[in-house]
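Numbered from 1 within each chain, the chains take letters A, B, ... in sequence-line order.
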Amino acid sequence: MVDTRVVLNGVTLDNPVIPASGTFGYGHEFAELYDINCLGTFSFKGTTLSPRFGNPTPRIAECTGGMINAVGLQNPGVAKVISEELPRLRTYFHKPVVANVSGFSVGEYAETCRLLDACPEVGWLEVNVSCPNVHGGGMGFGTSPEMAAAVTRAVKAVTTKPVWLKLTPNVTDIVSIAKACEDAGADGISLINTLLGMRIDLKTRKPVIANKMGGLSGSAVKPIALRMVYQVYEAVKVPVIGMGGVSSAEDVLEMMLAGATAVQVGAANLVNPFACRDIIKKLPCVMEKYGVEKLTDIIGGAHNG
Amino acid sequence: MNQGIYTVKSNRALNGSYYEMRLQGDTSSVTAPGQFINIKLDGFFLRRPISLCDWDGQSLTILYKVVGAGTEVMAELRPGQTLDVLCGLGNGFQTGGSERMPLLLGGGAGIAPLYGLAKALLRQGKQPAAILAFNTAAEIFYSREFEALGLPVRVATADGSAGIKGFVTDALAGVDYDYFYTCGPMPMYRAIERSVTTSGQYSFEERMGCGFGACMGCSCMTKNGSKRVCKDGPVFLREEIIW
């Protein structure tokens, strides 16, 4: 029997597979399809202080090996998440969940996190300083070490729950930003968010996406994600939560060898709603194939020697 | 919704641009006409959402127009090939109302879901009529299949090469109806909205990520707040739509 368990900030997960924020809603659509308690945990839809409708449509464009989205942080706002989504979540998910939070000012991040800190369903706060689809927020905080650190400090001051900072790959030096977050008290670094990209329609000669640009995700981004996880793992002591183009149990092992303690699965959920369940089912078999007895043994394994 | 492997039973050109495909597989999750399926194709990341034309216990029919790389691949599929399909997606047409003479207004590929809808309405003992609109005579498809169901069918073409010259709304004169259902392009909807006098239902289209309500890629604002075209729609009541 192989051991798929991993430990994140003192909490043991049955396995490292975590559906990524924005691809899993608040879990409800997937709980209709399978028992989502098989997951390590999941990261719920990026939540802001106020409700947001998001960007105009079209918000989605396909590309080779992936997709571009410009949803723009559509969510019902933290009050409704706490009053409606979390009570409903309790009926079908019985593990601590990752609360993904975004904001438009340091104070807004802190206030949203403070409100979620009071929720027993929330095990971790994943602070998104990396959304490429909204102006004046999100990614603006994740492209400078100082701003990322300021958000980290503000959130840490209002919560006792572990705080992960979710970083954007759209920077020249992700390591310096990860280190700044760690130095400011982050309990984990999750990466990567989507890469800014675009498509143009040959018939209309205009961008496919109404917002012109959007975030690229899917298999196409996996090598970039692996490289950044590898770099950040070498620079920080806190756990790294790796994501970007993961769609198989083999991808999970690869991301863990790069340095991830847990692995998020994003766009794959949208193509195959059973993707995470399938990955978890296949994980023991793939571990045996590659001679892995304990999954924790291979974290950062690619750095040895 | 269910996911399954479906076998192509037939795949034929109806004319120069429209195709009909029959797939064999589990149809138990289909609950209403106007729902859609989401097809995984080799070489493409996202699935292709296509509305259901008709279905029975073991098979389903879709009609599609070749408009891009994905539908080009679909047109090449041969009987016996298999497809990974998400079936029974979305909220389809609601047919339980008290109307007796519903009018079906279809434009181009939007005609497809109205066929299954016509069958459902006939089963309920209602007397539907259909207006099917095309760009030109060469693009006409399924008008005979609608007639074979035993309902009155009017055909309109934008260039006047067959039937009534003009748009779907130009064929409305003298048609008695007490409700309408429509599927077609947005300019047609705007014309319908100006012309119709009863309540009705519109089926909407949007670029989708997942097709089952997870990604918020196809959201639209309605009088009842934000809705997902894929999960809360694609069919919306006339009364809730913001134009």
Asks: Taking every heavy-atom pair that is under 4.5 Å apart, which of B/G70, B/C215, B/G211 has the most such pairs with chain A?
Replies: B/C215

Asks: Taking A/E32, A/K203, A/E62, A/E29 one by one, which has the highest count of heavy-atom pairs under 4.5 Å against chain B?
Replies: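 Looking at each option in turn, the highest pair count goes to A/E62.
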
Asks: Please determine, among A/G27, A/G65, A/G218, A/P76, the option with the most heavy-atom pairs under 4.5 Å with chain B.
Replies: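 Of the candidates given, the most pairs with chain B belong to A/G65.
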
Asks: Is B/M208 in contact with chain A via its backbone, its side chain, both, or neither, using a 4.5 Å heavy-atom distance?
Replies: backbone

Asks: Strictly distance-based, threshold 3.5 Å: is any side-chain N or O of B/R47 a donor or acceptor partner for the main-chain N or O of B/N38?
Replies: yes

Asks: Report the relative orientation of the aromatic rings in B/Y202 and B/W243; use parallel for angles under 30°, tilted for 30 to 60°, perpendicular for over 60°.
Replies: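 The rings of B/Y202 and B/W243 stand perpendicular, inter-plane angle above 60°.
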
Asks: Among A/G25, A/P273, A/G22, which residue forms the greatest number of heavy-atom pairs with chain B at distances under 4.5 Å?
Replies: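 The option with the most such pairs is A/P273.
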
Asks: Given that the side chain runs from C-beta out, which part of A/N75 has a heavy atom under 4.5 Å from chain B: side chain, backbone, both or neither?
Replies: neither

Asks: Between A/Y26 and chain B, which part of the residue has a heavy atom less than 4.5 Å away: side chain, backbone, both or neither?
Replies: neither

Asks: Suppose we call two aromatic rings close when their centres sit under 6.0 Å apart. Are B/Y115 and B/Y142 close by that rule?
Replies: yes

Asks: Considering non-hydrogen atoms only, spot the tightest contact between A/K45 and A/Q74 and give its length.
Replies: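 A/K45 and A/Q74 have their closest heavy atoms at CE-O, 2.8 Å.
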
Asks: Run the side chain to side chain donor-acceptor pair (under 3.5 Å) test on B/T182 and B/Q201 for me, step by step, so that the C-alpha distance in whole Å, both residues' side-chain angles and the decisive distance to 0.1 Å come before the verdict.
Replies: CA-CA 6 Å; B/T182 183; B/Q201 298 173 27; over 6 Å; no

Asks: Within 45° of the ring axis of B/F44 and under 6.0 Å from its six-membered ring centre, is that where the NZ or CZ of B/R48 lies?
Replies: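 Yes, B/R48 sits over the ring of B/F44.
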
Asks: Please classify the contact between A/T64 and chain B as side chain, backbone, both or neither, with a heavy-atom cut-off of under 4.5 Å.
Replies: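 When you check distances to chain B, no heavy atom of A/T64 falls under 4.5 Å.
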
